[in-house]
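The structure presented is a predicted model; accordingly, all values stated were derived computationally and were not measured. FYI, the numbering just counts along the sequence from 1.
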Amino acid sequence: MGNHFIIIAGEEAGPASNKMGGIWNVIDEEAHTLASLFDSGKIKAKENTEILVAGPYFGHRGADWNRGLNRITDMEGLAPLSSDGELEKCLKTLESEGIKVFTGEEMAGETRIGYLQFQTSDYGKIRSSYMGKEMTLESRIKAEAYELLGLDSLKYESLPNGAEYTHYLSLSHSISELIRLLIGSAPRTADTWAEEGAGKDLIPCPGISLHCHEFGTFYAPARLKKLGIPINTVATLHATLPGRAAGYSSIQKRRNNDSTWPPGVPENLASLEALALYADTVTAVGESTRQEARLFYGINGIVIRNGITIESEKIDWNRKELCLSGIRNFLSENLYRYYGGEKIEPEKIIPIFTISRIEVENKGYPDLLDSLMALEHIIRNSILEGHMEEKIKVICFLVTAEGPKADLPEGFPVHLPKDVLVGNELRLQQMIEERGLDFPKLVRGKHSVAAVLYPQIISETDGGLGMGVRDFMAGCCAGVFPSRYDPFLLTGLEAGREGTPSVVSRVCGFSDAIKTIESLIEGLGGVIVVDNIDLSYYETVLEYALAISYFTRNFVDDRVKYKLLCREAFLLAKDMDWRKPAEQYYELISGAHFCMRENENPAKSKK
C-alpha cells in the first residue's frame with residue numbers, strides 16, 4: 001500500500017449537518033489540526049499520508065434514522081475527491097456490494113482532507129448473500145455481526161430504538177469494509193501476521209489508522225480485529241450510556257464502586273459501546289468518563305481532553321460591542337412590542353446565556369433557574385444599597401431544543417407561543433413561569449432578572465436573533481453551564497474563544513482540565529468553577545448566583561476589570577487548543593510506539 005490513510009470516523013462526521021455542535025466539532029477540529037501540524041512540520045507524517053473523515057450521509061429529509069433531527073448532510077462546498085487508483089478502486093468495489101459512498105475533499109493548507117459519507121438508509125432493500133443464503137445487505141451485516149461478536153440483532157432491532165442500532169451497525173460495517181478492501185481483498189488472519197513477523201523486532205504496520213469517536217462506529221475496530229486485520233485503532237468515549245442514564249447520580253456510583261447499570265440504558269447501543277474493548281487504545285475526553293468506562297465495562301483507558309482552535313491573537317472588542325448591541329436592541333424592541341410597559345433602554349440590558357442538549361436534569365436547568373431567582377434578590381439588594389444602577393435587567397437565554405424549527409413567529413423567541421414548543425421545551429417554559437422568571441414581571445419593573453427559552457438551533461437564518469452561534473456568544477456578557485453530568489463541556493471553551501467569561505460546574509471535564517492551567521491574573525477568574533459535587537443544593541445554587549453577579553457587576557461598574565476577565569477566558573481557551581490532543585491522538589493511531597520510523601537505524605533503536 002503506497003499511502004498512509006488516517007481515518008477519523010463518527011456518527012456526526014462529515015460536512016456539518018443542521019444539528020447543534022456535538023461530535024462533529026471534535027472530529028472536524030482533529031482533522032484540521034492534524035493537517036496544520038503536518039504542514040508546519042511539527043508532526044513528521046509518514047510519506048503520502050492522507051486524512052479521511054468517515055461518517056453517514058443524509059441526503060434529504062426522512063433519510064436520517066432519527067426523523068426528529070431532520071439532519072441533512074451538506075457537501076456543496078467540497079471539491080470532488082481526487083482519490084488515487086487504490087482508494088478509487090475500493091470505493092467502486094464497495095458500490096458493487098451495494099454500499100453507496102458520497103465523497104468530497106477540501107484542502108487544509110497543503111494537506112488534503114477527504115470525506116467519505118456512507119448512505120445506510122437503503123441497506124434493507126439491497127440484495128446480497130451470506131454463507132450461501134440470499135438476503136438483504138442489512139441482514140447480511142447483522143448475520144456476520146452475530147457470527148463474529150454475538151451481537152443479537154434479531155433482538156436488538158425489535159427494541160424501540162432498533163433503527164438507530166441498525167444504522168450504527170451498518171455504518172461501522174461499511175467503514176471497516178472499506179479498510180478491509182484497502183488492506184487487501186483476502187484478509188490475513190492474526191496467525192498469518194504473527195508468522196510473518198516471527199524473528200523480527202517490530203510488529204508490521206499496515207498503512208491505515210482508524211480513530212472512532214463514540215459507540216456508533218465501535219463495531220468497525222471490533223470487526224477488523226475479529227477478521228485478523230491488525231491496523232492501529234483508537235476508540236474515544238465522549239460519555240458512557242450507563243453514565244448518561246445515571247446522570248448526576250453517576251458520581252455516587254463511582255464513589256461506591258457500584259457497577260450496576262441504572263434503568264433506561266439501551267441494551268443494543270450499550271452492546272456497541274462495549275466493543276471499545278477491541279480497540280488498541282481507548283481514550284476518554286474527561287476523567288469521569290474514563291472512570292465510568294472502567295466501572296461499567298471493565299475498560300481501562302486514558303484521558304485525552306477536547307480542545308478548540310483559536311486563530312486570532314486577541315479579542316475583537318468592536319465585534320463584541322456590535323454583537324452585544326444587536327442582542328440588546330432586539331430584546332428592547334420586542335419586549336416593548338409584545339409585552340408593553342415602559343420600554344427598557346437597551347443599555348440597561350445584560351444578556352447572558354446557556355446552551356446545551358435538552359437534558360433537563362443532566363444539564364442542570366433547575367439549578368440555573370433557581371440561581372436566577374437568587375440573583376434577583378442579590379441585584380435587588382445591590383440596587384437598594386446603591387451598589388448597582390437602577391433598572392438593570394439581566395436576561396438569560398436558555399438555548400436548547402428538541403430539534404430545528406421552521407416558520408417561527410415574528411419576535412421569536414421573545415414572542416414564544418406555546419404551540420411552537422414540544423416535549424421538554426414545554427417543561428422548561430413551565431419551569432421558567434413557575435419561578436416568575438418570564439417577561440411580564442420584568443417589563444412591569446417588579447423583577448430585574450428573566451429567562452427566555454430559545455428552542456432553536458442558532459444560525460443567521462434561525463427566525464430569531466439572526467446571528468451565528470459565535471456572534472451570539474460574543475455578544476452575551478457571560479455563559480452559565482451548570483451541568484450535573486457533562487463529560488467535557490466544549491461550550492465553555494467556545495465561549496472563551498469569543499472572549500466571554502463563564503461559570504461552569506465542577507462535575508464537567510472542562511473544570512478538571514483548567515486545574516492544570518495557572519490563573520493568568522491573580523484574584524480574577526475568566527472561568528469560575530462552582531462545586532456542585534460536595535456542596536449542598538442550596539449552597540450550589542447560591543454559588544452560581546454569586547458568580548453571575550460577579551460578572552454582571554463588573555460589566556456594569558468596572559468595564560476595565562470586566563475586559564480583563566474576558567481576556568482571561570480567551571487566553572484560557574487559547575491555552576487549551578487542539579494541538580496537544582491532536583498530537584496525542586496521532587501518536588496512538590500512527591503506531592509510533594510500534595513502528596520504526598523511516599531511515600531509523602535498528603541498531604540505534606535497541607540501545
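Geometrically, Arg559 engages Phe555 in a cation-pi contact defined by less than 6.0 Å to the ring centre and at most 45° from the axis.
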Checklist entry - salt bridge (charged side-chain N to carboxylate O under 4.0 Å, His left out) between Arg506 and Asp534: does it pass, once the steps are laid out? => result CA-CA 10 Å; Arg506 180 183 154 198; Asp534 292 323; 2.9 Å; yes
Next on the checklist: For Val285 and Ile304: C-alpha separation, side-chain torsions, deciding distance, then whether side-chain contact (heavy atoms from CB on, under 4.5 Å) applies.
Outcome noted: CA-CA 5 Å; Val285 298; Ile304 298 181; over 6 Å; no
Next on the checklist: Run Met467 and Ile327 through side-chain contact (heavy atoms from CB on, under 4.5 Å) and show every step you take.
Outcome noted: CA-CA 9 Å; Met467 305 174 76; Ile327 294 172; 3.7 Å; yes
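Remark: aromatic rings of Phe488 and His238 are distant, center separation not under 6.0 Å. Aromatic ring centres of Tyr562 and Phe551: separated by at least 6.0 Å.
Residues Asn381 and His377 have side chains that never bring a donor and an acceptor to within less than 3.5 angstrom of each other. Side-chain atoms of Thr283 and Thr236 form a donor-acceptor pair, as typed in the model, at a separation below 3.5 Å. At a cut-off of 3.5 Å, with distance as the only test, no side-chain donor of Ser332 or Lys348 sits close to an acceptor on the other residue. If you check the side chains of Gln291 and Ser288, you find no donor sitting under 3.5 Å from an acceptor. For the residue pair Glu273 / Tyr297, a side-chain donor-acceptor distance below 3.5 Å is found, with atom types taken as modelled. Judged purely by distance below 3.5 Å, without hydrogens or angles, the side chains of Glu11 and Trp65 pair a donor atom with an acceptor atom. There is no side-chain donor-acceptor pair under 3.5 Å between Glu543 and Asn532. A side-chain donor from one of Glu433 and Gln429 sits under 3.5 Å from a side-chain acceptor of the other.
Relative orientation of the His415 and Tyr338 rings is parallel, given thresholds of 30° and 60° on the angle between their planes. Using the six-membered ring where Trp is involved, Tyr454 and Phe397 have ring planes that are tilted, between 30° and 60° apart.
Between Ser312 and Phe570, the closest heavy-atom pair is O-CZ, 3.7 Å.
Within the 4.5 Å cutoff, no side-chain heavy atoms of Val414 are placed close to those of Arg337.
Between Asp370 and the choices Tyr544, Tyr365, Tyr537, the side-chain hydrogen bond (donor to acceptor under 3.5 Å, both in side chains) rule is met once, by Tyr537.
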